[in-house]
Amino acid sequence: MSSKNRKRTASSSSSAEEPDSEEESRIKDLRERDEFANRLKQRDEERTRKVVEATGGRKAIEEATKRLKLEHEDRDKIVPHLRVQSRRQYLEKRKDDKVAELEADILDDEYLFEESVLTKREREERQYKKQLLNIAKEHEKARELERIQRYHMPQDLKKGERSEYVEVDDFEKQPNSEQKKWEAEQLASARFQFGAKDAKAEEEYELLLDDQIDFIQALTLDGSREKAAKETELTEKERKRMTLEETRRSLPVYPFKEDLIAAVREHQVLIIEGETGSGKTTQVPQYLVEAGFTADKKMIGCTQPRRVAAMSVAARVAEEMGVKLGNEVGYSIRFEDCTSDRTILKYMTDGTLHREFLSEPDLASYSVMIIDEAHERTLHTDILFGLVKDIARFRPELKLLISSATLDAEKFSAFFDDAPIFRIPGRRYPVDIFYTKAPEADYIDACCVSVLQIHATQPLGDILVFLTGQDEIETCQEVLQDRVKRLGSKIRELIVVPVYANLPSDMQAKIFEPTPPNARKVILATNIAETSLTIDNIIYVIDPGFAKQNNFNSRTGMESLMVVPISKASANQRAGRAGRTAPGKCFRLYTAWAYKHELEENTVPEICRINLGNAVLMLKALGINDLIHFDFLDPPPHETLVLALEQLYALGALNHHGELTKLGRRMAEFPVDPMMGKMLLASEKYKCSEEMVTIAAMLSVNSAIFYRPKDKIIHADTARKNFNHMHGDHLSLLQVYNQWAETDYSTQWCYENFIQYRSMKRARDVREQLVGLMQRVEIDMVSCLPETINVRKAATAGYFYHVARLSKGGNYKTIKHNQTVMIHPNSSLFEELPRWVLYHELVFTSKEFMRQVIEIESKWLLEVAPHYYKAKELEDSTNKKMPKGAGRAEMTQ
DNA sequence: GAGCACTGC
């Protein structure tokens, strides 16, 4: 692509009579861009070669580098700690061995000798052993509980007492442990008995609830398993005894193995329609390996929308194939590449594959690419569709498998030139669906009533309630707990557990705890339970029919998070959550008529709802110049694309021919919004790369840095104010990070300052990645502290699009759209009201708010973006911060 | 004086 451009442009400029300086600089830039891209490619190749020589894979090298660095930095601190750690691990292992030994001993003993043949002493000894085992087990259980503590605020502790809070992340330091934990959870939850099994015969409750909701059953979501099939079902114990091979054979996909391989051989693109539980994600790639699709050293790739899925599926498949994870079977996700030169089966997140396109635009190292969970329609899968469809045209030997749930298969087939659909049955129980007779005005209240109604009248079994956000969940939790308290012993125990993404992970783990016999668990969840979290043993689902959805308005450049009715697809997905382990019931808090006539068929895909700045830049970097005619499964709004292109042009990532510039090529290396990418690159000129990288990392996790527990709001706000910087929030965030880094990334410090450790850890990961990328785009890391003017100038160089000026009445108006906006009350500048501000984002909640604001001087705008701002636009600026209270008076003049 | 659904690079 680039060479063609160069030729064309070279000839056009030579035909010009006089030297056109603009044209010349464009050509020079294009040349420099291609030289830069070549350097990148060369460096990547050298790096790969080195890795292959070292045989350990990239991961090993990274690990080794990290370890060396660590050792160098604080060897003295770490060694004693490591010693304790290893001693502890040894003791732990020894204890486990001993307990297992004891248990086996008792079992043997009981098997060999009946109680009656034993002497008194032998009987006593057996009794003693059993007691010992019990104590050991109880002890272990208690320790498990201790290990996962609630969020303790420091002031809860007495003086001198050490905090016992253990961040769950501490256990994630071993390689792959996040996935191990996930698996353990999954396994544990699978073992929990379905509540009703333990229950005695249903007791009659004569209980009158305040109000009741009338439900009518409308239809049953068909399951592929019937109640009767349960007899043939394997108990957990039996399943454990089954070998891996037997388990594989028992999966619904197994009988289709040969047909599937034949179909893949015959067709280049195949749509696989299969429900969850069919085993397609783990089995299909293995079948293809067996069928020889990786014979010529090429890989089979499989994308997943979520990190945990990519990791755990890879681990499972490695086990089934009897290889070590990271060798023949590996996974690749952000911050973690667990593959080697031996890898033939690679699981990855869709975003990772999207990035891989930058260094390998033809997917040359793959013979098969599987896009799994395509129906979820994430931004990345949607873009991948267009890209792989294009590649398939000039690489006829590349096989594509698109795997999706039932409803969308036809649509995918049509998109991929009527590719054949291969259907695989799943495993699911039927779910009865109930609708309300009349619409419910207050759905929170209706939820609570329904929960109690189910609790009082229905057989035991856990309830899952879908709510829109933290706020609703907390309200609902209070109401339920209050009503349960008032009903007292008239009803059985009801355990209420909340779950949403921002909840600390130890509290999230509570949803996997077993429900005690004769009690019922109610899980109040956001959409997180719709796809991301799978909770077993749910029998009842309550679905009010709403969700929060992010929408981007490209006309105003504003994001809004609003409560909207869900789609039919989403409603059915929610209902399906009731039928995973047994037949279930789903109560919809809307009428059957509303379902039929008011709900959309499908949720609007993400690509149509968000800012596409980064996506467009990536596509440009891949040489796709005509974005308006890019083959989208669902094309995003025209204005969104135009806005993205416009911004890229203003930022200098595209030249006036719409071609990618060197600056744009460098920006594309960063997995951030183009404005932020520009800001990072501008830090080179302003000699503050250290600061900008930190700020970028903090901004990208920002929403969840400050922790505000409901009962300690005042403390939390005071703690937050201590970080406030007079020039704005970017600098406050910088202070937070730097102070944290000074404490050696202490967890304790986070709790003392009401800062979420999890978010900070993530910011650290992001920062590390960005530092690596800065080196990649040939920028040295330097710091400008304690001076911070350059920090704000570099931010302005990226975000000059996001500037507002104080106007009459204390409101701000955006410079380009003249739109009235306000500083968000959480900002450190909320009461300061500087004349000119720059904002990181514009969000519409109750009003139009600028979130993350810094004070700037208008003359900087002319310095960093002379092509975008005219001096006239910026007139009448005093550039002085107005004295508090006097601001308005001065403005009226 | 507000309030952040969920992912991912």
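Residues meeting the ring-ring contact (aromatic ring centres under 6.0 Å, His included) test with A:Phe36, sequence neighbours left out: none. Residues satisfying the ring-ring contact (aromatic ring centres under 6.0 Å, His included) test with A:Tyr839, not counting sequence neighbours, are A:His802.
With rounding to whole Å, A:Glu848 atom CD is found 16 Å from B:dG1 atom C1'. At whole-Å resolution of the value, NE2 in A:His380 and P in B:dC9 are 7 Å apart. Atom CG in A:Leu561 sits about 7 Å away from atom C1' in B:dC4, given to the nearest Å. Rounded to whole angstrom, the span from the CD1 atom of A:Ile823 across to the P atom of B:dA2 amounts to 14 Å. Spacing between atom CZ of A:Arg851 and atom P of B:dG1 amounts to 19 Å, rounded to whole angstrom units. Atom CD in A:Gln470 sits roughly 18 Å away from atom P in B:dA2 (whole-Å rounding). Atom NE2 in A:His354 sits about 12 Å away from atom P in B:dC9, given to the nearest Å. Computed from coordinates, the A:Glu474 CD to B:dA5 C1' distance equals 15 Å when rounded to whole Å.
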- Message: Set out, in order, the CA-CA distance, both residues' side-chain angles and the distance that settles side chain to side chain donor-acceptor pair (under 3.5 Å) for A:Tyr443 and A:Glu472, then state yes or no.
- Response: CA-CA 10 Å; A:Tyr443 68 84; A:Glu472 273 182 24; 2.5 Å; yes
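Candidate nucleotides B:dA5, B:dT7, B:dG1 were compared by shortest atom distance to the side chain of A:Phe830, and B:dG1 ranks first. Of the candidate nucleotides B:dG1, B:dC9, B:dT7, B:dT7 has the atom nearest to the side chain of A:Arg306.
Taking only side-chain nitrogens and oxygens, A:Arg307 comes nearer than 4.0 Å to OP1 or OP2 of B:dC9. Taking only side-chain nitrogens and oxygens, A:Thr349 never comes nearer than 4.0 Å to OP1 or OP2 of B:dT7. A close approach under 4.0 Å does occur between a side-chain nitrogen or oxygen of A:Thr526 and OP1 or OP2 of B:dC6. The side chain of A:Lys548 places no N or O atom within less than 4.0 Å of a non-bridging phosphate oxygen (OP1 or OP2) of B:dC6.
Within 6.0 Å of the CD atom in A:Glu778, the count of heavy atoms belonging to other residues, nucleotides or ligands exceeds 12.
In this structure, A:Leu379 reaches neither bases nor backbone, as no heavy-atom distance under 4.0 Å exists between it and the strands shown. As judged by a 4.0 angstrom heavy-atom cut-off over every strand, A:Arg355 is placed among residues touching the sugar-phosphate backbone only. As judged by a 4.0 angstrom heavy-atom cut-off over every strand, A:Asn550 is placed among the base-contacting residues. Using a 4.0 Å heavy-atom criterion, one finds that A:Ala547 contacts no nucleic acid atom at all. Among the heavy atoms of the strands lying under 4.0 Å from A:Thr468 are primed sugar atoms or P, OP1, OP2 only; no base atom is included.
Between A:Gln508 and A:Tyr500, the side chains place no donor N or O within less than 3.5 Å of an acceptor N or O (distance only, hydrogens not considered).
Annotation for A:Thr640 and A:Ile610: closest pair CG2-O, 3.6 Å, computed over non-hydrogen atoms.
Each of A:Gly469 and A:Ser332 has a nearest nucleotide on DNA chain B; the 5'-most of these lies closest to A:Gly469. Toward the 5′ end of DNA chain B lies the nearest nucleotide of A:Tyr500, the other residue of the pair A:Pro671 and A:Tyr500 mapping further downstream.
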